[in-house]
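Structure record follows, encoded as structure tokens.
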Amino acid sequence: MRASDRAYATLLDEIQRGALPPGAVLGEVEQAARLGVSRTPLREALGRLAADGLVVQQSPRVTAVSDVDADDIRELFEVRRALEEAAVRLAAERGDARVFAALAADLTDDLVADGEQRDAYYALIARFDAAIDAAVANDYLVGALRTVRTHLVRVRRLARDNPARLAASVAEHRLIASAIAAGAPDLAAHATHVHLHHALESILSSLEGQAHSAPAPRPASSARSRGSAATQGAA
């Protein structure tokens with residue numbers, strides 16, 4: 001793996017996991033030393049992250065992780081809804097019914113019965129997405145979906161896990177997979193629309209709850225105080 005690819009993959013993972021929260025400053029010298037790469041490949045990595053919309057340039061040598069607010073999430077879901085509804089329609093028309101029937105069978109309620117199994121659930125959803133991409137067989141649509149999913153991983157991490165919502169999500173994905181397996185594009189699109197509506201409402205509700213539960217900002221107006229408050233609100 002090239003040094004720029006390695007730096008990009010590491011920073012992307014840290015942003016998506018929340019290890020680098022919104023507003024985190026990525027100084028060129030510090031990050032190059034931390035990642036064990038020279039500044040040229042680091043700049044290439046940061047350029048790719050900027051193209052993804054995950055970082056913003058604050059000065060020629062200082063980059064920061066981009067903020068995510070409710071309006072950003074709504075806009076993301078507007079695009080996601082259009083792309084995913086189109087994708088499941090095509091998958092229902094072009095996909096292998098056996099693949100999606102098997103996925104529907106794997107989407108059992110016990111997937112999210114406890115916290116230890118949630119990683120298995122997200123891994124299964126990744127398989128589900130890959131199956132849709134393969135069935136669609138449209139590089140332009142798949143590329144657009146990949147960009148949306150890059151941001152979606154980060155948004156999920158910013159929101160708190162909701163066991164009831166995860167259980168409902170399993171059932172919603174099962175219905176989508178079953179509709180694709182049955183070759184029912186309208187049902188698959190409608191089920192996807194409902195799933196995304198509930199997912200958006202859950203994420204926005206979680207972020208709102210975190211904002212209400214965050215400690216009130218201190219009167220101090222120093223840059224350090226403001227930075228700490230912003231980090232706590234975004235975690």
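Not measured: the values here are computed from a predicted model.
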Any Leu49 side-chain heavy atom under 4.5 Å of Val65 side chain: no

Contact check, side chains of Val142 and Asp139, non-hydrogen atoms, under 4.5 Å: no

Taking atom CG of Asp69 as the centre, does the number of heavy atoms from other residues, nucleotides or ligands within less than 6.0 Å exceed 12? yes

Quick one: do Glu172 and Arg165 make a salt bridge, cutoff under 4.0 Å? yes

Ile132 versus Phe100: any side-chain heavy-atom pair under 4.5 Å? yes

Distance, nearest 0.5 Å, that separates CG of Leu107 from OG of Ser178: 8.5 Å

Measure from the side-chain N and O atoms of Ser206 to the backbone N and O of Ser202, and report whether any donor-acceptor pair falls under 3.5 Å. no

Between Leu145 and Val153, is there shared hydrophobic-cluster membership here, with clusters defined by ILVMFWY side-chain heavy atoms closer than 4.5 Å? no

Any salt bridge between Asp133 and Arg149, counting N to O under 4.0 Å? yes

Taking all heavy atoms of Val136 and all of Ala91, pick out the closest pair and write down the distance. CG2-N, 4.4 Å

Gln57 and Leu46: side-chain contact (heavy atoms from CB on, under 4.5 Å), yes or no, with the steps? CA-CA 9 Å; Gln57 200 77 28; Leu46 292 175; 5.8 Å; no

Sequence neighbours excluded, the answer for side chain to side chain contact (heavy atoms under 4.5 Å, CB included) partners of Asp13 is Arg17

Going from CG on Leu196 to CD on Glu84, what distance comes out if it is rounded to the nearest 0.5 angstrom? 5.0 Å

Test of understanding: clusters of I, L, V, M, F, W, Y form through side-chain heavy atoms closer than 4.5 Å, transitively. Do Val37 and Leu26 belong to the same one? yes

Taking Glu28 for the side chain and Arg43 for the main chain, is one N or O donor matched with an acceptor at less than 3.5 Å? no

For Gln31 and Val25, which heavy atoms make the closest approach, and how far apart are they? NE2-O, 4.4 Å

Tell me if a side-chain donor or acceptor on His173 pairs with a main-chain N or O of Ser169 at a distance below 3.5 Å. yes

Same cluster or not: are Leu124 and Leu175 linked, directly or through other Ile, Leu, Val, Met, Phe, Trp or Tyr residues, by side-chain heavy atoms under 4.5 angstrom apart? no

Asp5 and Arg48: CA distance, side-chain angles, deciding distance, salt bridge (charged side-chain N to carboxylate O under 4.0 Å, His left out) verdict: CA-CA 10 Å; Asp5 292 336; Arg48 291 173 62 185; 2.8 Å; yes

Whether Arg94 side chain and Ala135 backbone form a donor-acceptor pair below 3.5 Å: no

Do any pairs count as a salt bridge (charged side-chain N to carboxylate O under 4.0 Å, His left out) and have a residue in residues 174-199, sequence neighbours left out, and if so which ones? Arg89-Asp186, Asp109-Arg174

A side-chain contact here means heavy atoms from C-beta on lying under 4.5 Å apart; do Leu35 and Leu11 qualify? yes

Minimum heavy-atom separation for Leu42 and Ala32, please, with both atom names. CD2-N, 3.5 Å

Can Leu111 and Thr108 be said to form a side-chain contact (heavy atoms from CB on, under 4.5 Å), step by step? CA-CA 6 Å; Leu111 269 176; Thr108 57; 4.2 Å; yes

Within the structure provided, determine whether Pro41 and Arg6 are in side-chain contact (heavy-atom separation under 4.5 Å). no

Would you give the length of the straight line joining atom CG of Asp52 to atom OG1 of Thr150, rounded to the nearest 0.5 angstrom? 5.5 Å

Are Leu187 and Ile180 connected in the hydrophobic side-chain network, where two residues link if heavy atoms are under 4.5 Å apart? no

Would you check if Val68 and Leu207 make a side-chain contact, meaning some heavy-atom pair closer than 4.5 Å? no

Please report the interatomic distance CG(Leu152) to OG1(Thr147), rounded to the nearest 0.5 Å. 12.5 Å

Would you name the heavy atoms of Ala45 and Ala7 that are closest together and state the gap between them? CB-CB, 3.8 Å

Taking the side chain as C-beta and beyond, is there a heavy-atom pair between Val148 and Phe77 under 4.5 Å? no

Is the shortest side-chain heavy-atom distance between Leu54 and His151 below 4.5 Å? yes

Determine, using the 4.5 Å side-chain heavy-atom cutoff (strictly less than), whether Val79 and Leu200 are members of one ILVMFWY cluster. yes

Measure the spacing between CG of Leu141 and CZ of Arg146 and express it to the nearest 0.5 Å. 10.5 Å

Nearest heavy-atom contact between Ile176 and Ala191 is CG1-CB, 3.7 Å

Minimum heavy-atom separation for Arg127 to Leu103, with atom names? NH2-CD2, 3.8 Å

Hits for side chain to side chain contact (heavy atoms under 4.5 Å, CB included) against His190, two or more places apart or cross-chain, chain-then-number order -> Val194

Rounded to the nearest 0.5 Å, what's the gap from CD1 on Ile203 to NE2 on His198? Could you check? 13.5 Å

